[in-house]
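Report on the structure given below.
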Amino acid sequence: MENADIRVRFAPSPTGELHLGNARTAIFNWLFARKVGGKFILRIEDTDQERSRLEYQKMILEDLRWLGLDWDEGPEKEGTFGPYLQSERLEIYRDYARRLEENGLTYLCYCSSEELESRRIEAQAKGVAPRYDNRCRLLTEEDKRRHVQAGHKAVIRFKVEPERVKIQDWVRGEVEFDTALFGDFVIFKSDGYPTFHFAVAVDDGLMKVSHVIRGEDHLSNTPRHVLLFRAMGFQIPQFAHLSMILGSDGARLSKRHGATSIGFYREEGFLPEALLNYLALLGWSSGDDQEIFSREELTQKFSIERIVGSSAIFNPEKFHWVGTQQIRRFRLAALRQRLEARGNDFSKIGSDHLEKMIGFVRERAATLKELGSELEVFVKEPGLESEEAKKAFSSSRAREILEALKHVLENEWKDEAFPVKSLSSCQKSLGVSGAEFYPLLRISLTGHAHGPELKDLCPLMGKGEVLRRLEKALKKF
RNA sequence: GACCCCAUCGUCUAGAGGCCUAGGACAUCACCCUUUCACGGUGAUGACGCGGGUUCGAAUCCCGCUGGGGUCGCCA
């Protein structure tokens, strides 16, 4: 196969926000396509009329763009295999269903959902495999007439003959299934929409998808798809089933483990590069010891062979660490732009100045949000009401120290050279410890006991502002 | 329950029969650096689920068990 013929797809259903698991699936597909020079297709599986929502579709697209996963074909980027919304492909599915019917591979089933449900429960109770018993295969013409007259709605079922279906999976190796274990399955719902299984097979076939990279929850569905591919004369794609992402307790990741939506992490201020990086590490490794990757490195190093087959637990701490690493890899100007794009207003500060500030505070930040609040010390008047401030100011010599501090800075601070030595000798001549001396300056300036080094902080804040804030602190006495 | 997948430090992983006294990263702890926090540096704790085989030799291959996950919908 020529690499240009490699086509993968990400096929979310717009029934909710994009979450961590889906996002990783999208990332693996995208990385694979970019690595080999294939095509990345985005297809919206909106055949569930009840739950599909346009707003979710928009959100998913937005999240994918934010992650930097650009698609070669899909919504808002039509290609030759479109449309890419399944709800716009109904005629195509009907056409293929008709062909299957003509070949005698399908039949109408009039069993109601309620009937099926109660039979399922019964089977469960008996300890029998809960599968459809294919009873409507045997309907006579008379039976069918009666159902139609009674106004019963029908679904189309695909006939499954017992056999063993083998699939070759890039991460699982050869997996074999016995089709006798599942009954004739529905390919068309009574609302006139195709089921997932059918739409997937038709679309992957028509869209010439070469590799299906998806979650392991679809592994057991794969034999059905293979049966359909075969029945419709499509080439069977290659498969790669990704393990699940689990929560800290080893159960499938869900809301109760905390935030799972991509939107949440975006709002939190994580860089998309950090999420891309961390998610790529969940179920894949480069083989060397590298863990921090740029987008480009990832597209170069990714390989489908190195996908890990065991499930992975999402670890917020490590994700946070990846966040810090990515922030440090960024150019300062780029961070400034990201911050501004997020709505942080630094218009009062010159770009060069601001970038220096970012440089001094980034060591402590994993997200843009954290970066933004670290930066606040430069732009926001410090409230001196915090516990740490009160404690520092309650020292018996606080006022005296502050006066001295102000005096030294006023007289010894010239031009760019921050008077480190003068401060030090001032501290000594007062006979107080550094722990008593320096925090007073820091807290007067920022309101916080911790932060960038004073010799970095003060010059950026500027002599005038530093003195003004010291003065203000002095008024507390 | 049946079927399928998975199984190395708490977590993510390296490991494709001898290179393993099992490597790296996060987290944790200690020390160093630093008159703050952080960063950084050094070090420590910490794993091949269990039982059988195969083999001169097994984390690596096979079988069983156990455990976890998935599927068994007119959801996708």
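Values in this document were obtained by computation on a predicted structure and should not be read as measured data. No hydrogens, no waters, no symmetry mates; every other heavy atom, side chains included, goes into these values.
When both distances must be under 3.5 Å, the Watson-Crick or G-U wobble mate of B:G67 is B:C6. In a base pair of the Watson-Crick type (N1 to N3 plus N6-O4 or O6-N4) or a G-U wobble (N1-O2 and O6-N3), with each distance short of 3.5 Å, B:G18 is matched with B:C56. Across the strands present, B:U28 finds its partner in B:A44; the criterion is a Watson-Crick or G-U wobble pair with both atom distances under 3.5 angstrom. With a cut-off of 3.5 Å on both Watson-Crick or G-U wobble distances, the partner of B:G73 is given as none. For B:A38, there is no paired base (Watson-Crick or G-U wobble, both distances below 3.5 Å).
Nucleic acid contact for A:Val361: none, since no nucleic acid atom lies under 4.0 Å from a heavy atom of the residue. Within the nucleic acid shown, A:Phe182 has no heavy atom closer than 4.0 Å to any nucleic acid atom. A:Pro12 comes within 4.0 angstrom of nothing in the nucleic acid, heavy atoms only. Using a 4.0 Å heavy-atom criterion, one finds that A:Gly451 contacts the bases of the nucleic acid, with or without backbone contacts as well. When heavy atoms are screened at a 4.0 angstrom cut-off, A:Ser243 is found touching no nucleic acid atom at all. Counting any heavy atom pair closer than 4.0 Å across all strands shown, A:Glu45 reaches sugar-phosphate atoms only and no base atom. At the heavy-atom level, A:Ser285 lies under 4.0 Å from the strands shown only through sugar-phosphate atoms. Within the nucleic acid shown, A:Val155 comes within 4.0 Å of at least one base atom, counting heavy atoms only. Residue contacts for A:Asn221: at a heavy-atom cut-off of 4.0 Å it reaches a base atom on one of the strands shown. Counting non-hydrogen atoms under 4.0 angstrom, A:Arg120 reaches the backbone sugars and phosphates but no base. Residue contacts shown for A:Cys109 are absent, as no nucleic acid heavy atom lies under 4.0 Å away. At the heavy-atom level, A:Glu50 lies nowhere under 4.0 Å from the strands shown. If you check every strand for non-hydrogen atoms under 4.0 Å, A:His197 touches a base.
Under 4.0 angstrom from either OP1 or OP2 of B:G15 there lies at least one side-chain N or O belonging to A:Arg306. For the pair A:Thr47 and B:A76, the criterion of a side-chain N or O lying under 4.0 Å from OP1 or OP2 is met. Phosphate contact (OP1/OP2 of B:C74, side-chain N/O of A:Arg157, threshold under 4.0 Å): present. For B:U13, neither phosphate oxygen OP1 nor OP2 lies less than 4.0 angstrom from any side-chain nitrogen or oxygen of A:Lys318. The side chain of A:Lys455 contributes no N or O atom lying less than 4.0 Å from OP1 or OP2 of B:U34. OP1 or OP2 of B:G40 has at least one side-chain nitrogen or oxygen of A:Arg328 nearer than 4.0 Å. Close to B:U71, at under 4.0 Å from its OP1 or OP2, lies a side-chain N or O of A:Arg252.
For B:G23 and B:G43, the P atoms lie 13 Å apart once the distance is rounded to whole Å. Separation of the C1' atoms belonging to B:U54 and B:A14 is 26 Å when rounded to the nearest angstrom. Comparing B:C61 with B:C72, their C1' atoms sit 32 Å apart, to the nearest whole Å.
A salt bridge does not link A:Glu101 with A:Arg98: every distance from a Lys NZ or Arg NE/NH1/NH2 to an Asp or Glu carboxylate oxygen is 4.0 Å or more. Residues A:Arg94 and A:Glu91 are paired through a salt bridge, judged by an N-O separation under 4.0 Å between the basic side chain and the carboxylate. In this structure, A:Glu117 pairs ionically with A:Arg120, as a charged nitrogen and a carboxylate oxygen lie closer than 4.0 Å. The residues A:Lys301 and A:Glu291 are annotated as not salt-bridged, no charged nitrogen and carboxylate oxygen being separated by less than 4.0 angstrom. Using a cut-off of 4.0 Å between Lys/Arg side-chain N and Asp/Glu carboxylate O, A:Glu465 and A:Arg469 are scored as salt-bridged. The existence of a salt bridge linking A:Arg43 and A:Asp204 is confirmed by a sub-4.0 Å separation between a basic side-chain nitrogen and an acidic carboxylate oxygen.
One can find a donor-acceptor pair under 3.5 Å joining the base of B:C74 and the side-chain atoms of A:Ser190. If you check distances only, the side chain of A:Gln427 does reach the base of B:U35 with a donor-acceptor pair under 3.5 Å. The base of B:C37 lies close enough to the side chain of A:Arg364 for a donor and an acceptor atom to sit less than 3.5 Å apart.
For A:Ala312, taking side-chain heavy atoms from C-beta onward, the closest of the listed nucleotides B:G40, B:U36, B:U13 is B:U13. Nearest nucleotide to the A:Lys189 side chain, out of B:C75, B:U71, B:A27: B:C75. Between B:A76, B:C4, B:C12, one nucleotide has an atom nearer to the side chain of A:Leu219 than all others, and that is B:C4. Closest contact between the side chain of A:Ser220 and the listed nucleotides B:G70, B:C12, B:C26 involves B:G70.
Positionally, the nearest nucleotide of RNA chain B for A:Ser424 lies more toward the 5' end than for the other of A:Tyr110 and A:Ser424. Toward the 5′ end of RNA chain B lies the nearest nucleotide of A:Arg172, the other residue of the pair A:Arg172 and A:His218 mapping further downstream.
A:Arg362 has its CZ atom 14 Å from the P atom of B:C39, to the nearest Å. Counting to the nearest Å, the C1' atom of B:C12 and the CG atom of A:Leu242 are 15 Å from each other. Here B:C37 presents its P atom at 16 Å from CG of A:Leu441, a figure rounded to the nearest Å. Rounding to whole angstrom units, CG of residue A:Asp288 and P of B:C12 are separated by 20 Å.
In this structure, A:Phe239 has its ring center at least 6.0 angstrom away from the ring center of A:Trp170. Aromatic pair A:Phe293/A:Trp284: centroids less than 6.0 angstrom apart.
Using bins of under 30°, 30° to 60° and over 60° for the plane-to-plane angle, the ring pair A:His147/A:His152 lands in the tilted bin.
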